[in-house]
Amino acid sequence: MTSYLRGIQTPHRKGTKDKGAFRMDIPKTVTIPMAMHIGKPAIPVVKAGDIVKVGTKIAEADGYISSPVYSSVSGKVTKLSDYLMYNGATTTAVVIESDGEMAIDESIAPPTVTNQKELVEAVKNAGIVGLGGAGFPTYVKLDVEKERIDYLIINGAECEPYVTSDTATMLNRADDMIIALKALNRHLGVKNVIIGIENKNRASFNAMQKMAASIEEFNVKVQRLPDVYPQGGEKVLVYHTTGRKIASDKLPIDVGCIVLNCTTVATIGAYLKTGMPLVEKCVTVDGGAVKNPQNVIAPIGASLEDLFNCCGGLTQSPSKIIYGGPMMGITVESASAPVIKNTNAVLALTEKEAKLPKTTACIRCGGCVNTCPFGLAPVSIAVAYENRDAEMLNELSVRSCMECGCCSYVCPANRPLVQLNKLAKQFVIEEAKKEAAK
């Protein structure tokens, strides 16, 4: 048995890892959707004609699994309109015309935090969600009994090709991370912190080692991870850092772990220091169609076109634009789409990069099974889904699939296995709802 979960070797292609990050010019307008997180969309509290500033609340959280939204520029709200998200859902978007001033809302001030309840409330009020891609409201993870927490695991794996925005955080925002870690230690009782970083990302490893050495109040360990994709999945990361296994129907906290992305941690620290909620995001802008790939600090709601323009523009019309990396990223319809809270990268791919190879018949090689981190059988899942066999799909543990794409990547027949897994997961969820309604 190996000491690490199975996976694949992917091309690195992290050409922006040594470029730091720069703040883009103020966009003329921003389009801010209300559904930028897992859970219920936020409810707008502004209307057309309202004047807003940077940090002005424009939407309230709707329930426990939700997150407030703030203006990323100063200016005037021009309209509230329906907006079609990348995942096919329709939500409300607040469109703001910038005045170019970036004036800060007068209410911005560091929060008062003296206990766990106030820390959880602060993280909620900041509008912080998982910034590595998942977008789960962060405060929910912190709203647990202290006695359940053995480890805080910081995800610095950044295992997708191209993406280096988390690297920029680890190299440049250690001070913000320290503020957050000390607050989590003081108010949540976190005593053991593990920062997981892929072995090949030596600059980040060294930066985090230096940060860890500066913290004396509690134990901070920087741990090298195998250079095997996918390291960023919570269950994979927990196993590789603690050796603990998480059942398919359980969460990291069920084995004593809280997992936070490194940029999420830095954003918590920045909010505790300044009181400025989540209004901007560091985004890796890359791909063969981008003239000058960079890490860009962008206001939430800025268009992808604005991002491309601040990187020298595009050298050709992209064949595909992706939120995130090429393994787990989602295709967006056009460059008019906005930066949202969990946008860690935007790729503009050429036709050569984006063209999918021809699909042929499965040859039963078993490659998909051999590379799946959780030992699932994608080929069998595909057959069960085609037969609409919910019982078999449950036996095959389809809902354990983390949608990493390893199966599709290694398939010599180029079959869309991860896409079929996604469809199968949705099918069994819908079937379960039908059964519950009977």
Side-chain angles (χ1 to χ4, degrees), residues 1-10 38 130-134 136 138 140-142 144 148-161 163 166 170 181 184 190-201 204-205 208-209 212 219-265 325 327-328 366-378 381 396-410 418 421 425:
M1 180 179 175
T2 61
S3 60
Y4 58 86
L5 298 179
R6 291 171 291 186
I8 58 174
Q9 297 284 344
T10 58
I38 291 174
L131 301 180
F136 187 79
T138 301
V140 177
K141 290 186 175 184
L142 307 182
V144 297
R148 299 181 68 189
I149 306 169
D150 295 330
Y151 295 98
L152 170 64
I153 301 173
I154 308 301
N155 188 348
E158 200 163 53
C159 54
E160 285 251 23
V163 188
D166 281 345
M170 290 185 282
L181 292 177
L184 291 165
V190 171
K191 293 182 173 58
N192 297 294
V193 178
I194 303 176
I195 306 172
I197 301 173
E198 281 197 338
N199 186 58
K200 58 192 172 190
N201 194 349
S204 293
F205 183 87
M208 291 294 95
Q209 282 276 62
N219 180 44
V220 181
K221 175 185 178 182
V222 187
Q223 184 163 325
R224 297 184 187 275
L225 302 173
D227 292 330
V228 178
Y229 173 87
Q231 293 301 313
E234 284 191 337
K235 293 181 180 181
V236 176
L237 185 63
V238 167
Y239 179 76
H240 286 164
T241 52
T242 69
R244 300 183 180 186
K245 295 182 179 181
I246 305 172
S248 60
D249 59 343
K250 300 295 182 181
L251 298 171
I253 192 61
D254 293 314
V255 295
C257 300
I258 291 177
V259 180
L260 297 178
N261 168 267
C262 61
T263 300
T264 304
V265 173
M327 295 300 295
M328 296 185 70
C368 57
V369 179
N370 292 333
T371 57
C372 176
F374 302 145
L376 303 181
I381 289 171
L396 293 167
S397 300
V398 66
R399 293 176 74 170
S400 297
C401 174
M402 60 183 286
E403 302 175 13
C404 65
C406 288
C407 52
S408 292
Y409 187 86
V410 301
V418 68
N421 282 4
K425 286 171 67 176

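These numbers were taken from a predicted model, which means no experiment stands behind them. Sequential numbering from 1 along the given sequence is applied to the chain's residues.
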From [atom1] ([X]) to [atom2] ([Y]), nearest 0.5 Å:
X: R6; Y: C406; atom1: CZ; atom2: SG; value: 10.5 Å
X: N421; Y: C368; atom1: CG; atom2: SG; value: 9.0 Å
X: C401; Y: I381; atom1: SG; atom2: CD1; value: 6.5 Å
X: D166; Y: N155; atom1: CG; atom2: CG; value: 7.0 Å
X: R148; Y: C257; atom1: CZ; atom2: SG; value: 11.5 Å
X: L376; Y: T371; atom1: CG; atom2: OG1; value: 10.5 Å

>> Under the rule for salt bridge (Lys or Arg N to Asp or Glu O under 4.0 Å), what residues qualify as partners of D150, not counting sequence neighbours?
In response: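 Result, salt bridge (Lys or Arg N to Asp or Glu O under 4.0 Å) vs D150: R244.
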>> Taking side-chain hydrogen bond (donor to acceptor under 3.5 Å, both in side chains) as the definition, give me every residue that meets it alongside T264, ordered by chain and number, with sequence neighbours left out.
In response: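 With sequence neighbours excluded, T264 shows a side-chain hydrogen bond (donor to acceptor under 3.5 Å, both in side chains) to no residue whatsoever.
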Closest approach of [X] to [Y] (non-hydrogen atoms, all atoms of both residues):
X: E234; Y: P252; result: OE1-CG, 3.3 Å
X: I8; Y: V410; result: CG2-CG1, 3.4 Å
X: M327; Y: T10; result: SD-CG2, 4.4 Å
X: M402; Y: M328; result: O-CE, 3.2 Å
X: I258; Y: I149; result: CD1-CD1, 3.6 Å
X: L184; Y: L260; result: CD1-CD1, 4.3 Å

Quick one: are [X] and [Y] in side-chain contact, heavy atoms under 4.5 Å?
X: V418; Y: C404; value: no
X: I197; Y: R224; value: no
X: V255; Y: K245; value: no
X: L237; Y: L225; value: yes
X: L5; Y: K235; value: no
X: I195; Y: F205; value: no

N219 (side chain) donor-acceptor with N192 (main chain) under 3.5 angstrom: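 Between the backbone of N192 and the side chain of N219 there is no qualifying donor-acceptor contact (under 3.5 Å).
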Please enumerate all residues that pass side chain to side chain contact (heavy atoms under 4.5 Å, CB included) together with [X], with sequence neighbours excluded.
X: C159; result: E198, Y229, P230, Q231
X: K221; result: Q223
X: L251; result: I253, D254

Check your understanding: Tell me the side chain to side chain donor-acceptor pair (under 3.5 Å) pairs involving residues 399-410, sequence neighbours left out?
Key ->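 Non-adjacent pairs meeting side chain to side chain donor-acceptor pair (under 3.5 Å): E403-K425.
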Review point. L152 and side-chain contact (heavy atoms from CB on, under 4.5 Å): which partner among V220, I194, L181?
Key: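 Single pass found, and it is L181.
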